[in-house]
Amino acid sequence: MENSDFAKIFWDLAEFLELKNENRFKVAAYRKAAQNIESLSENLGTIYKAGGLKALEEIPGIGQGIATKIEKTIKSGKLDVYEKLRKEFPRGFLELVETPGMGPKTAMLLYKKLKIDSRAKLEKAAKEGKLQGLPGMGAKKEENILKGVELKKKISGRFLLNAALDQAEAVAKELEKLKEVEKILICGSLRRRKETIGDADILVIAKRSKNIMQRFTSLPQAQRILVKGETKSSIVLKMGMQVDLRVVEDKSFGSAAHYFTGCKAHNIKLREMAIKKGLKLSEYGFFKKDKWVAGRTEKEVFKTVGLTYIPPELREMRGEIEAAQKGKLPKLIESKDIKGDLHMHTIETDGSNTIEQMAQAAKKLGYEYIAITDHTQSTRIAHGMDEKRTLKHLKEIDRVNKKIQGIRVLKGAEVDILPDGRMDLPDSILKQMDLVIAAVHSNFKMPEDQMTRRILKALENKYVNILAHPTGRLIGEREAYKVDIEKVIAIAKKTKTALELNSHPQRLDLNDVNCRLAKDQGVLISINTDSHTTDQLNLMKYGIFTARRGWLEKKNILNALTLDKLLKILFAKR
DNA sequence: GCCGTTTTCGGCCCGACTGTTTTCAGTCG
């Protein structure tokens, strides 16, 4: 069982108990546990096997009750209370509650009065006007629920970070033109640079909000207004993403920015810490009794509860608060630390630019070096190189390297890892390169033990320097292949092989959690763009975002090394 | 159900918007 399967059980349990009007703190406790389980880097099953019930109870938000439920689930594969509740509510009931505008109270009301137990039935009843007239239900509420049903059909889940960021920035740019706007900041999961985004949160500092709200709700890219108030409005963009806008005064900038950036659990923790200090924290600031005392900047917010400044990417309740208390937060990697890009393609295989064009573009970015790493023969779809072409290509890189000044072009290739773990080119060819990237491009559906063996064997090859996109996932398109990532990290450490953090917004592979795992084991990460055009060299920022979410520092990054240090490490394995 | 340098019992984050309520419940973030 995956952690997400366990989490699902507790998310659902919370929902069921809420429907049954259980104690709301109990409901919240289940949700907190589900949340924490989702963000664990280690599998619950593994934790239980290693340390039993005690180890489970050490996870924040998990006590005796939930630990026992996890144990039961591991032992028997199911949880009786969960199964019982599932039978009590019809299938389709949860999607009813998840319809925007509906909540547990309304869902139960409609179920009891009208036997509505699915979203389809809800839509039908609303269209027939059967909802209005029930207690607390009028024509408007019925209309809203219908809108919610439609919205759910339209909003296609989550958006890739780059797409969401582009859209949010476009909205912010429009609002910035208004003279009332003093400051504007994109907050929420966008500011935390999560790999996928549910909705965008924009914070505006202004004294008067009326014009701003008017402009916001009438933007050309707006498709629907969800709510429109004095300090808070929400719209849905034509591309399907929801955007929330909040307007506050300047003296609340810090507390509002902090609040709208989240994550939720992190916020709650800070508010609890404020209470312990006799203060109340909201988006408007810290209050002693009813008197405002602080909140002008985020730094001030953290300082007031005794913490050093926590960068947005770390605010995920993954130990950042404890680290800030001890003054032990990492000094996160930044764009300026990156000295080169070690994974890119040219027209020799499936890229669009020449070696020289890639080198010139990289030079403009201020890089000290790049590596040209075209595909090898097995990746036929990319016109991969056989031995003969590879040798010719390496010579061509030498030629370009002599020709251009101010940047070093390293000779490399992205070599396929064959299903049996052998490399797609013989060692006699690999040894003529400065850098070898190994990658899985075929047979994704192997069983976990086979895939793990396959990759470990590649890492043991003394010419392999980097494992490209280590789990092979394409966000929203293809699941990661099954591989024991902890073993991969351990062997990467042993063999002095770096792991790639592929910067493409659809890959971001390794992900944040695994990056942190690799860091803790002392494995170097190479943040690469895997560019197929000169433009794509700019994708580096997404890799850096994810690296920061993984607590990575300059010293953890292979391509933050100067050229001579890099070369030393590349050849140290041979 | 979880949790504890104020606690093993009694707390548990805080506020905006909407609709239907005539003072507030429900939903959302």
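None of these values were measured; they are calculated from a predicted model. So you know, we letter chains A, B, ... as the sequences are listed, proteins then strands, and number each from 1.
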Undergrad: Which is true for A/K69 with a 4.0 Å heavy-atom rule: it touches a base, it touches only sugar-phosphate, or it touches nothing?
TA: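 Sugar-phosphate, backbone atoms only, no base.
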Undergrad: Do we see a donor-acceptor contact under 3.5 Å between the side chains of A/T99 and A/R119?
TA: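 A/T99 vs A/R119: donor-acceptor pair found between side chains.
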Undergrad: Tell me: CG of A/L134 to P of B/dT21, nearest whole Å?
TA: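 Nearest whole value for this atom pair: 12 Å.
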Undergrad: Send over the distance from A/M102 CE to B/dA25 C1', rounded to a whole Å.
TA: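 To the nearest whole Å, that distance equals 15 Å.
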Undergrad: Look at the aromatic rings of A/H258 and A/H266 and report parallel, tilted or perpendicular, splitting at 30° and 60°.
TA: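 Tilted.
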Undergrad: Classify the glycosidic conformation of B/dT6 as syn or anti, calling it syn when the angle lies within 90° of 0.
TA: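 Anti conformation for B/dT6.
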Undergrad: Whole-Å distance between B/dC14 C1' and A/I268 CD1?
TA: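 For the pair A/I268 CD1 and B/dC14 C1', the rounded distance is 9 Å.
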Undergrad: Rounding to an integer number of Å, can you tell me how far A/M108 CE sits from B/dT27 C1'?
TA: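 In whole Å, B/dT27 C1' lies 17 Å from A/M108 CE.
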Undergrad: When you get a sec, tell me which of B/dC13, B/dT18, B/dG29 is the closest nucleotide to the side chain of A/F25?
TA: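 Among the listed nucleotides, the one closest to the side chain of A/F25 is B/dC13.
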Undergrad: Between B/dA16, B/dG1, B/dC13, spot the one nearest the side chain of A/I66, thanks.
TA: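 Closest nucleotide among those given: B/dG1.
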Undergrad: Considering every strand and a 4.0 Å limit on heavy-atom distances, what is the contact class for A/R246: base, sugar-phosphate, or nothing?
TA: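 If one applies the 4.0 Å heavy-atom cut-off, A/R246 turns out to touch the sugar-phosphate alone, with no base involved.
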Undergrad: From the options B/dT20, B/dC13, B/dG15, select the nucleotide whose nearest atom is closest to the side chain of A/K264.
TA: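 Of the options given, the side chain of A/K264 lies nearest B/dC13.
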Undergrad: Both A/K276 and A/P100 contact DNA chain B. Taking the nearest nucleotide for each, which residue is further toward the 5' end?
TA: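 Between the two, 5'-proximity favours A/K276.
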Undergrad: Starting from C1' on B/dC28, measure out to CD on A/E15 and report it in whole angstrom.
TA: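 Answer to the nearest Å: 13 Å.
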Undergrad: Looking only at side chains, do A/D244 and A/S234 share a donor and an acceptor under 3.5 Å apart?
TA: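 Result is yes, a qualifying pair exists.
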Undergrad: So, does the side chain of A/Y284 form a donor-acceptor pair with the base of B/dG15 at under 3.5 Å?
TA: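 There is none.
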Undergrad: For the side chain of A/N144, starting at C-beta, report the closest nucleotide among B/dA16, B/dT20, B/dT18.
TA: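 So the nucleotide nearest the side chain must be B/dT18.
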Undergrad: Distance under 6.0 Å and angle within 45° of the ring axis: does A/K299 meet both against A/Y309?
TA: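 No, a cation-pi geometry is absent between A/K299 and A/Y309.
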Undergrad: Assign the ring pair A/Y542 / A/F545 to parallel, tilted or perpendicular, where the plane angle (0 to 90°) is split at 30° and 60°.
TA: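 If you compare the ring of A/Y542 with that of A/F545, the planes turn out perpendicular.
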Undergrad: Describe the nucleic acid contact of A/K280 in one word from base, sugar-phosphate, nothing, applying a heavy-atom distance below 4.0 Å.
TA: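 Here A/K280 touches the backbone only, sparing every base.
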Undergrad: Measuring from the side chain of A/I275 (C-beta onward, heavy atoms only), which nucleotide among B/dC14, B/dA16, B/dG19 has the closest atom?
TA: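 The closest nucleotide is B/dC14.
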Undergrad: Whole-Å distance between B/dT21 P and A/Q132 CD?
TA: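 Between P of B/dT21 and CD of A/Q132: 12 Å.
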Undergrad: Using a strict cut-off of less than 4.0 Å between a Lys/Arg side-chain nitrogen and an Asp/Glu carboxylate oxygen, indicate whether A/R516 and A/D512 qualify as a salt bridge.
TA: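 No.
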Undergrad: From B/dG1, B/dT27, B/dC13, pick the nucleotide closest to the side chain of A/R271?
TA: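 Taking heavy atoms from C-beta onward, the closest nucleotide is B/dC13.
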Undergrad: Base, sugar-phosphate, or nothing: which does A/G188 touch, judged by heavy atoms less than 4.0 Å apart?
TA: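 A/G188: no heavy atom of the nucleic acid under 4.0 Å.
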Undergrad: So what's B/dT8 paired with, Watson-Crick or G-U wobble, going by both distances under 3.5 Å?
TA: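 Across all strands, not a single nucleotide pairs with B/dT8.
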Undergrad: Looking only at the side chain of A/A29 (C-beta and beyond, no hydrogens), which of the listed nucleotides B/dC14, B/dT20, B/dG1 gets closest?
TA: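 That would be B/dG1.
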Undergrad: Students often get this wrong, so: under 4.0 angstrom with heavy atoms, is A/K32 touching a base, only sugar-phosphate, or nothing?
TA: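 Nothing, no nucleic acid heavy atom in range.
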Undergrad: Name the nucleic acid region contacted by A/T106, choosing base, sugar-phosphate or nothing; use a 4.0 angstrom heavy-atom cut-off, strictly under.
TA: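 Touches sugar-phosphate only.
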Undergrad: Of the nucleotides B/dC12, B/dC28, B/dG1, which one has an atom closest to the side chain of A/E272?
TA: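 Nearest listed nucleotide: B/dC12.
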Undergrad: Indicate, with a heavy-atom threshold strictly under 4.0 Å, whether A/I62 touches base, sugar-phosphate, or nothing.
TA: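 The residue A/I62 makes sugar-phosphate contact but no base contact.
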